[in-house]
Amino acid sequence: MTVEFHERLRGKVREKAGRDPEPTAGVIDSQSVKADAVVGADSRGFDGGKLINGRKRHAVVDTLGLLLGVMVTAADTGDRSAARVLLEQVTDVHHRLELIWADGGYTGSLVAHCLTTLALVLAIVKRSDNMRGFVVLPKRWIVERFFAHLMRSRRLVRDFERRTASAEAMIYWSMTLLMTRRLARRRPA
């Protein structure tokens, strides 16, 4: 029910922005978050790169930063393995999707898998070797802004849900609140 309502709202927000209701491009990334004590050991892991004991949120967003699909796993789950499952789920629902931008963590056999199995181009946006400090990368900032929106929801700063399905529902709910605000906003004259 939550997902269906979310999908309808996303179509309305895209139409209000002058876009087709169904996206043709998106961005994928993951975010590790600390888990509360109620999170069981079966869905908890340790992300060695971020040094976080908890869960990982894998998300695909469209070019407006609106959620297309989310999957919550243990934090020790690799980005590539989760992306295989998530991208299959997303392409089953969004048939017009042709292009997904991703960071360097999604290289390897996943690029070929997406092209042959899902008819989806997975374009890797890489950092230049001569960049120092924080630099906004094209297309990658969209998914980072999505994660920033999630962090504005106090309930999502830490994962408090016992089940991963409940954690995913909370993400959909947060995005539903964001989209209703966008729809209620008046257009500038």
Side-chain angles (χ1 to χ4, degrees), residues 1-33 55-73 79 82-103 106 114-115 117-125 136-161 163-189:
M1 180 78 167
T2 305
V3 176
E4 180 184 342
F5 183 66
H6 173 270
E7 294 295 316
R8 289 183 185 185
L9 269 179
R10 187 180 33 74
K12 296 289 184 193
V13 171
R14 288 184 58 83
E15 285 176 348
K16 184 177 179 181
R19 304 284 185 96
D20 192 277
E22 277 301 313
T24 57
V27 188
I28 187 171
D29 201 5
S30 66
Q31 175 192 42
S32 296
V33 290
R55 288 184 174 156
K56 194 179 275 191
R57 301 171 180 153
H58 306 272
V60 179
V61 298
D62 67 5
T63 53
L64 295 177
L66 304 175
L67 185 63
L68 298 178
V70 66
M71 185 169 74
V72 176
T73 64
D79 288 348
R84 279 182 185 258
V85 176
L86 181 59
L87 288 174
E88 285 177 16
Q89 292 172 357
V90 169
T91 53
D92 283 347
V93 176
H94 304 286
H95 304 292
R96 294 192 60 217
L97 211 55
E98 300 171 353
L99 173 65
I100 297 288
W101 288 285
D103 64 14
Y106 296 92
C114 287
L115 194 57
T117 309
L118 306 174
L120 190 66
V121 175
L122 188 66
I124 306 299
V125 179
V136 177
L137 297 174
K139 304 299 179 194
R140 297 269 311 118
W141 65 271
I142 297 169
V143 72
E144 299 302 336
R145 183 181 65 179
F146 163 78
F147 287 130
H149 283 304
L150 292 185
M151 290 294 115
R152 291 179 63 201
S153 298
R154 186 173 179 203
R155 178 92 182 248
L156 295 174
V157 171
R158 179 181 289 259
D159 198 333
F160 294 100
E161 307 303 323
R163 300 176 337 145
T164 57
S166 299
E168 292 168 2
M170 290 304 299
I171 293 168
Y172 277 108
W173 181 249
S174 177
M175 286 307 295
T176 300
L177 293 173
L178 174 79
M179 290 187 296
T180 53
R181 277 188 238 120
R182 283 189 186 179
L183 286 173
R185 201 182 303 156
R186 291 185 184 162
R187 287 186 178 218

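For clarity, every value in this text was computed on a predicted model and none was experimentally measured. Every heavy atom of this structure was used, including side-chain atoms; hydrogens, water molecules and symmetry mates were not.
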Basic-acidic side-chain contact under 4.0 Å: Arg14, Asp20 = no

In terms of side-chain geometry, is the basic nitrogen of Lys12 or Glu7 positioned less than 4.0 Å from the acidic oxygen of its partner?
-> no

Which atoms form the tightest heavy-atom contact between [X] and [Y], and what is the distance?
{"X": "Gln31", "Y": "Phe147", "value": "OE1-CD2, 3.3 Å"}
{"X": "Gly69", "Y": "Val90", "value": "CA-CG2, 3.9 Å"}
{"X": "Arg10", "Y": "Pro23", "value": "NH1-CD, 3.9 Å"}
{"X": "Ser166", "Y": "Glu161", "value": "CB-OE1, 3.6 Å"}
{"X": "Phe146", "Y": "Val61", "value": "CG-CG1, 3.6 Å"}
{"X": "Ile28", "Y": "Arg140", "value": "O-NH1, 3.9 Å"}

How many angstroms lie between atom [atom1] of [X] and atom [atom2] of [Y], to the nearest 0.5 angstrom?
{"X": "Met175", "Y": "Leu66", "atom1": "CE", "atom2": "CG", "answer": "5.5 Å"}
{"X": "Ser174", "Y": "Arg154", "atom1": "OG", "atom2": "CZ", "answer": "14.5 Å"}
{"X": "Leu67", "Y": "Leu150", "atom1": "CG", "atom2": "CG", "answer": "8.0 Å"}
{"X": "Arg182", "Y": "Leu9", "atom1": "CZ", "atom2": "CG", "answer": "11.5 Å"}
{"X": "Ser30", "Y": "Lys56", "atom1": "OG", "atom2": "NZ", "answer": "4.5 Å"}
{"X": "Met179", "Y": "Leu64", "atom1": "CE", "atom2": "CG", "answer": "11.0 Å"}

Single hit among Leu86, Asp62, Val93 for side chain to side chain contact (heavy atoms under 4.5 Å, CB included) with Leu68 = Asp62

Donor-acceptor side-chain pairing of Glu22 and His95 below 3.5 angstrom = no

Output yes when a side-chain donor or acceptor of [X] lies under 3.5 Å from a complementary backbone atom of [Y], and no otherwise.
{"X": "Arg84", "Y": "Asp79", "value": "no"}
{"X": "Thr117", "Y": "Cys114", "value": "no"}
{"X": "Arg57", "Y": "Val72", "value": "no"}

Step through the shown structure and confirm whether more than 12 heavy atoms of other residues, nucleotides or ligands are within 6.0 Å of CZ on Arg145.
-> yes

Heavy atoms from other residues, nucleotides or ligands near CZ of Arg158 exceed 12 (cutoff 6.0 Å) | yes

Passes salt bridge (Lys or Arg N to Asp or Glu O under 4.0 Å), Glu144 versus Lys139? Steps please.
-> CA-CA 9 Å; Glu144 299 302 336; Lys139 304 299 179 194; over 6 Å; no

Dump the intermediate steps for side chain to side chain contact (heavy atoms under 4.5 Å, CB included) on Thr73 and Thr164, then the final yes or no.
-> CA-CA 7 Å; Thr73 64; Thr164 57; over 6 Å; no

Please lay out, stage by stage, how His6 and Trp173 fare under the test side chain to side chain contact (heavy atoms under 4.5 Å, CB included).
-> CA-CA 8 Å; His6 173 270; Trp173 181 249; over 6 Å; no

Do Val121 and Leu115 touch side chain to side chain, with heavy atoms closer than 4.5 Å?
->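 Sidechains of Leu115 and Val121: in contact.
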
Does a side-chain heavy-atom distance below 4.5 Å link Val27 with Ile100?
-> no

Show your reasoning for whether side chain to side chain contact (heavy atoms under 4.5 Å, CB included) applies to Thr24 and Leu99.
-> CA-CA 7 Å; Thr24 57; Leu99 173 65; over 6 Å; no

List the steps, then state whether side chain to side chain contact (heavy atoms under 4.5 Å, CB included) holds for Val33 with Val157.
-> CA-CA 7 Å; Val33 290; Val157 171; over 6 Å; no

